[in-house]
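Have a look at the structure below before the remarks.
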Amino acid sequence: MSFDLLAEPIRRYVRDQRWESLRPIQAAAIQHILATDDNYILASRTASGKTEAAFLPILSKVDFRQPGVRVLYISPLIALINDQFHRIEQLCKYLEVRVTKWHGEASRAEKKKLVQQPEGIVLITPESLEAMFVNAPYSVSALFAQLQYVVIDEIHSFLGTDRGIHLKSLLSRLEAVTVARSFAVVGLSATIGDYAEAKRFTGHEDRTKVLLDRASKEMLTSFRYFPATEAGGDLPLSLLKDLYKQTSNSKVLIFPNSRGLAEVIAVKLRQIADRVGGHDKYFSHHSSVDKEVREYVEHFAKHNQRQPFCIACTSTLELGIDIGSVEKVVQVDAAHSIASLIQRVGRSGRRDGEQSQLLLYATKPWSLLQSLACWLLYREGFVEPLRTATQPYDLLLHQALSTVKQLSGCPEAELVARLHANAAFSTIAPAQTAGILAELLRIGWLERIGQEVIIGVEGEYVVSSRDFYSVFKTEPAFKVQHAGKTIGEIPLTPQVKENENLLLAARIWKIKYIDEKAKKIEVMPAHDGKKPIFLGGGGVVDARIRTKMLELLSHPSQHPELDEASQEALRELRQEFAGFTLSDTAHQRPVLVKEGKLVLFTFTGTRINRSLVFLLNCLDAPVTYAYQEEDSSFTLALTPAQLPGLVEQLRLFAIDVYGYLEVAVRENPGLLDFAKWGASLPVTCQCGVLKERYFDFEGTADFLQNTLLVFSQLPQAASFTDGFQEGV
DNA sequence: GACCTGCTGCGGAGTG
């Protein structure tokens with residue numbers, strides 16, 4: 001049925017592929033895309049042919065004899081563009097349509113040719129599109145004036161992120177240069193939790209539809225518990241031995257949540273394999289491993305059908321790039337989000353009829369509890385809700401500079417109007433935009449010439465810098481080399497000294513010398529070393545995960561997926577909370593009374609805990625406290641009678657926090673380090689960015705208002721506010 | 001107790 005709707009050359013392509021049938025998502029996409037000019041989100045599991053689902057109908061529909069680029073494909077990764085280029089080019093040979101890669105590592109000659117004769121399909125990254133707007137705005141209109149379709153791959157990776165707001169703004173600006181003032185958008189993804197958000201992303205929620213294939217693969221899951229021997233130490237040997245036994249004969253991906261631990265696992269498993277005569281295909285894969293080394297690992301995994309292998313990796317192997325069939329996925333300690341767990345699980349079982357396995361290791365009781373909570377929520381189909389910023393002042397600042405550069409200056413009123421008309425910034429009031437522009441004029445990033453604003457002297461440095469095109473920050477790093485070969489890149493931490501040993505790319509190295517000027521570290525092979533240290537902020541855990549953890553502690557549910565040691569660890573943890581009778585885990589929170597102190601377990605998300613820490617530091621009469629993210633607990637030097645009063649005080653601060661935020665941001669500008677362009681905003685906007693993206697004071701006030709405290713040694717529950725009234 | 005992502009234009013040397 002759907003097949004017959006395709007153009008003849010495309011039908012020939014499908015026949016030549018010898019596919020038995022079209023996949024469900026392909027059949028649905030063909031019917032819908034050919035019938036309407038609406039936007040579509042195509043959601044179905046990895047390796048289900050989404051690229052073809054989009055391109056078969058689009059190529060059948062679009063008239064490529066017209067001049068101009070007709071289809072633009074946008075990807076979050078260069079590697080994905082290179083992957084997709086081959087597939088799309090194969091398909092386009094049947095139509096004699098030109099396909100051009102346009103990213104930082106693509107051929108300049110090809111780009112130049114395309115500008116001279118704009119046609120066909122272009123594959124691009126958001127940053128390259130940004131660069132084109134800034135450096136060659138005439139090319140943007142020359143290439144894209146006749147644009148008919150924009151395909152966004154892995155669209156979930158943009159949703160709810162700064163990079164997503166950036167891309168949304170670029171799409172809005174792109175629409176403005178097309179003759180038709182619009183194009184259709186097709187978004188592709190395997191993991192979308194929030195379809196409304198995906199629809200809004202296209203800029204036209206009302207004419208965006210979702211085509212969804214829910215089919216998924218069953219995984220054989222088991223939890224395994226090996227308690228860490230020392231705090232902050234490496235993994236216990238018993239875990240590594242078990243891990244080796246479980247994985248030595250399979251094709252495996254191991255996700256240990258950090259680059260350092262990925263190295264430890266790859267090196268230690270290789271050492272065990274050496275001793276017992278196992279295979280030697282142990283790799284590590286993360287951002288600090290050299291790109292060529294990573295490509296070799298990906299290539300090996302993809303083209304190797306029979307041999308077992310093991311890759312210890314971070315989120316570099318979560319997205320899109322096809323690495324062939326994986327039989328087992330191992331997660332060491334809890335994944336930071338359910339969205340991430342879904343992507344990781346999705347890396348295995350790409351072939352039909354293959355049984356795949358998920359192994360969840362834990363080294364600490366709380367991590368086991370969190371891991372179990374995440375897995376149960378994943379099974380329930382829960383994905384963290386996305387919070388797209390409604391006041392992204394920092395991204396507006398970036399796009400304001402980019403727009404002024406694009407237009408070579410423009411009247412201030414027109415700039416304000418353009419930014420307001422941009423779908424990414426429609427929720428920002430023009431008065432706020434004017435305030436941001438005033439600040440840019442004040443610091444010399446913009447200048448006023450007559451009626452127009454242009455890029456200022458200081459601004460030229462910013463806009464001309466290589467770092468301008470992206471909205472995310474990166475840490476400076478040193479190249480690690482051995483005998484002329486680059487192994488990877490690491491930040492210069494105190495650990496990096498001559499004669500120190502470190503692990504990188506699944507090997508052990510001794511540092512020979514450090515060339516500060518050239519930013520290079522020369523190393524030689526060694527036999528023993530420490531894991532590399534990387535600097536990073538903390539993770540953000542959703543409140544729903546913490547509530548699930550509390551439910552697991554309060555209700556004696558059975559989980560056959562847990563091994564004996566895990567069962568025992570869970571039993572012990574439940575025992576610690578046996579003194580509390582919690583009937584309403586949505587609102588009740590336990591407070592342990594011991595040794596003249598209180599331990600308040602908030603069981604809420606990182607943002608609210610973070611806000612509570614901030615509010616505690618605002619108090620006029622300081623309270624001694626210690627906060628732990630692992631078990632979401634606050635240890636307070638208070639008596640039970642004092643707690644309700646404190647809580648009410650914090651709630652009042654949370655409702656009217658602005659003054660405190662302003663003081664904090666002036667005293668400690670580092671608070672805004674998470675926002676690349678935040679430092680140049682007016683202080684009011686800086687506070688707005690902090691409030692919306694780092695803290696959650698509204699949620700905190702809500703939490704403080706509605707939570708019922710259950711003390712371990714008091715007979716009955718007391719509400720925060722009740723308690724406060726009693727205290728008065 | 002984190003992880004990831006991308007990048008222009010120019011000059012000059014080397015190559016065909």
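In this text the structure is predicted, and so the values were computed from the model without any measurement. Chain A is the first sequence line, chain B the second, and so forth, proteins listed ahead of strands; every chain is numbered from 1.
Closest to the side chain of A:Ala131, from the set B:dC4, B:dG6, B:dT8, is B:dT8.
For the side chain to side chain contact (heavy atoms under 4.5 Å, CB included) with A:Leu143, the lone residue among A:Val122, A:Leu114, A:Val177 that qualifies is A:Leu114.
Across the protein-nucleic acid pair, A:His285 atom NE2 and B:dC3 atom P stand 15 Å apart, rounded to whole Å. One can place NE2 of A:His336 at 13 Å from C1' of B:dC4, the figure rounded to the nearest angstrom. Taking atom CZ on A:Arg347 and atom C1' on B:dC4, their separation rounds to 14 Å, with Å as the unit.
Residue A:Arg108 places no side-chain N or O under 4.0 Å from the OP1 or OP2 atom of B:dG9. Proximity of A:Arg344 to the phosphate of B:dC4: no side-chain N or O atom is located under 4.0 Å from OP1 or OP2.
Nearer the 5' end of DNA chain B, as judged by each residue's closest nucleotide, is the contact made by A:Ala334, out of A:Ile78 and A:Ala334. Each of A:Ser287 and A:Glu630 was matched to the nucleotide of DNA chain B holding its nearest heavy atom; the match closer to the 5' end belongs to A:Glu630.
Within the cation-pi definition used here (under 6.0 Å to the ring centroid, within 45° of the axis), A:Arg173 qualifies as a partner of A:Phe133. Cation-pi check for A:Arg163 over A:Phe472 is not met; the charged atom does not lie both under 6.0 angstrom from the ring centroid and within 45 degrees of its normal.
Using a 4.0 Å cut-off between charged side-chain N and carboxylate O, A:Arg387 and A:Glu197 make no salt bridge.
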